[in-house]
Amino acid sequence: VIENRSDAPPLSPVAYDNAISSVYQMNAEQIRNYAVGEKIPGISLVRSTLNGNLHSDQLSATLVWTMVFQNETTERQKARAEISLPETAAVTGVRLWQDGESVSGKFTAEGSGVPAESRMMADGMVTELGHGKYLLKSKSLEPDQQVKMQITMAMPMQLDQLETAQLQLPQIIASNFSMEGEHNLELLSENLIENSNLGFATGNRTDGLQYISGVLTAQQIESAAPSI
């Protein structure tokens with residue numbers, strides 16, 4: 001049985017000291033938040049989908065998070081976010097769409113030997129910051145342009161009771177864009193998925209798999225990520 005509920009406490013992004021103007025004056029945590037920056041009016045996560053497969057018998061899940069960023073400003077911009085995953089989770093792939101074609105993105109793991117400042121400033125990549133935190137940075141967004149990114153993750157499931165497992169969904173804890181868009185969830189499992197009061201639909205597909213699907217709110221993505 002896979003239980004669907006939300007009771008995790010909200011996470012907080014790293015505090016940022018506006019008095020520090022140079023990356024050479026910042027410690028590691030300040031670099032992380034500097035790389036995200038403040039909200040930019042006109043930059044939005046206009047569309048996102050979180051798909052995946054739950055393997056509760058193995059206490060694991062594979063999730064694919066597809067994001068489409070939009071720039072409605074008159075200048076070139078870049079979308080940035082600090083993402084939180086369970087500490088034992090792992091990013092296993094990053095893809096970008098360029099001129100309608102899917103290409104491999106960049107992922108830099110903690111301890112890779114790449115200088116921290118270079119990792120923070122690179123485009124179209126995901127950087128591991130440690131302790132379950134990751135920095136996402138899109139490719140350049142031209143005015144009136146959209147950019148699509150996709151992150152694949154191996155996620156742990158926690159045994160809640162003898163026959164019940166939970167999956168904590170990824171969370172955006174800091175970003176420089178708004179969440180004014182459509183955000184959907186669709187997960188599959190060979191095991192029973194119990195419904196709750198979160199408003200997600202559950203049921204059986206014709207191939208015998210169980211599903212849970214629905215709309216994720218901006219609040220659920222940013223400050224109250226539900227457990228499935």
Side-chain angles (χ1 to χ4, degrees), residues 13-50 64-85 91 93-110 112 114-130 133-153 170-184 216-219 221-223:
V14 175
Y16 172 52
D17 185 354
N18 287 315
I20 300 176
S21 58
S22 168
V23 294
Y24 299 107
Q25 299 173 336
M26 297 180 183
N27 59 33
E29 290 187 344
Q30 290 165 334
I31 289 176
R32 296 171 194 173
N33 210 45
Y34 166 79
V36 174
E38 298 181 354
K39 299 282 188 184
I40 301 176
I43 304 300
S44 62
L45 179 60
V46 69
R47 192 164 61 254
S48 70
T49 304
L50 191 59
V64 179
W65 200 356
T66 305
M67 307 177 185
V68 179
F69 302 101
Q70 181 167 302
N71 178 13
E72 295 181 331
T73 74
T74 58
E75 299 178 352
R76 177 183 296 175
Q77 305 286 356
K78 293 170 186 175
R80 303 179 180 90
E82 184 180 352
I83 297 173
S84 176
L85 305 179
V91 170
V94 178
R95 298 201 68 78
L96 308 170
W97 273 256
Q98 186 171 352
D99 299 324
E101 295 187 5
S102 172
V103 298
S104 295
K106 300 176 183 178
F107 172 67
T108 305
E110 186 183 27
S112 62
V114 178
E117 186 172 352
S118 298
R119 288 189 279 134
M120 298 304 170
M121 299 306 165
D123 292 344
M125 72 177 299
V126 174
T127 300
E128 184 180 11
L129 302 175
K133 304 294 175 55
Y134 296 80
L135 175 69
L136 176 149
K137 188 173 182 182
S138 77
K139 292 185 69 65
S140 294
L141 279 160
E142 300 295 337
D144 297 320
Q145 184 188 39
Q146 293 185 353
V147 166
K148 182 177 177 181
M149 290 186 68
Q150 187 178 82
I151 307 172
T152 302
M153 300 159 281
Q171 184 176 351
I172 294 176
I173 60 174
S175 70
N176 71 340
F177 50 82
S178 76
M179 300 291 295
E180 298 176 0
E182 182 179 345
H183 312 296
N184 296 302
L216 288 166
T217 66
Q219 181 182 14
I221 297 174
E222 291 186 299
S223 60

Looking only at non-hydrogen atoms, find the nearest pair between P170 and L85 and report the distance.
CB-CD2, 3.3 Å
Those residues that, when tested against Q145, pass side-chain contact (heavy atoms from CB on, under 4.5 Å) (two or more places apart)
E142, V147
Exceeds 12 heavy-atom contacts within 6.0 angstrom, atom CD of Q146
yes
Given side chains that start at C-beta, do those of F69 and L45 come closer than 4.5 Å, heavy atoms only?
yes
To the nearest 0.5 Å, atom OG of S44 lies from atom CD of E72 at 5.5 Å
Any side-chain heavy-atom pair from V68 and M149 closer than 4.5 angstrom?
no
Please answer whether the main-chain N or O of K78 pairs with a side-chain N or O of N176 as donor and acceptor at a distance below 3.5 Å.
yes
Starting at NZ of K139, measure out to CZ of R76 and round the result to the nearest 0.5 Å.
10.5 Å
How long is the straight-line distance from CD1 of I83 back to OH of Y134, given to the nearest 0.5 Å?
10.0 Å
Quick one: pull up CG in L216 and CE in M179 and give me the separation to the nearest 0.5 Å.
8.5 Å
Please answer whether the main-chain N or O of E222 pairs with a side-chain N or O of Q171 as donor and acceptor at a distance below 3.5 Å.
yes
Output all residues satisfying side-chain contact (heavy atoms from CB on, under 4.5 Å) with R95, sequence neighbours left out; order by chain, then residue number.
W97, S102, S104, Q150
Let me confirm one number: the CG-CZ distance from L135 to R80, rounded to the nearest 0.5 Å.
8.5 Å
If you look at every heavy atom in V36 and E82, which pair is closest and at what distance?
CG2-N, 3.9 Å
Just by modelled atom types, is the M67 backbone N or O under 3.5 Å from a matching donor or acceptor in the S48 side chain?
no
Test of understanding: with side-chain contact (heavy atoms from CB on, under 4.5 Å), list the residues that count as partners of E180, not counting sequence neighbours.
S178
So how far is it from N184 CG to T66 OG1, rounded to the nearest 0.5 Å?
11.0 Å
For the side chain of K39 and the backbone of F177, is there at least one donor-acceptor N/O pair under 3.5 Å apart?
yes
Exercise: identify the closest heavy-atom pair between N71 and L141
ND2-O, 2.9 Å
If you define the side chain from C-beta out and look only at heavy atoms, does anything of M153 sit under 4.5 Å from I151?
yes
Minimum side-chain heavy-atom gap W65-L136 below 4.5 Å:
no
Does a side-chain heavy-atom distance below 4.5 Å link I172 with S84?
no
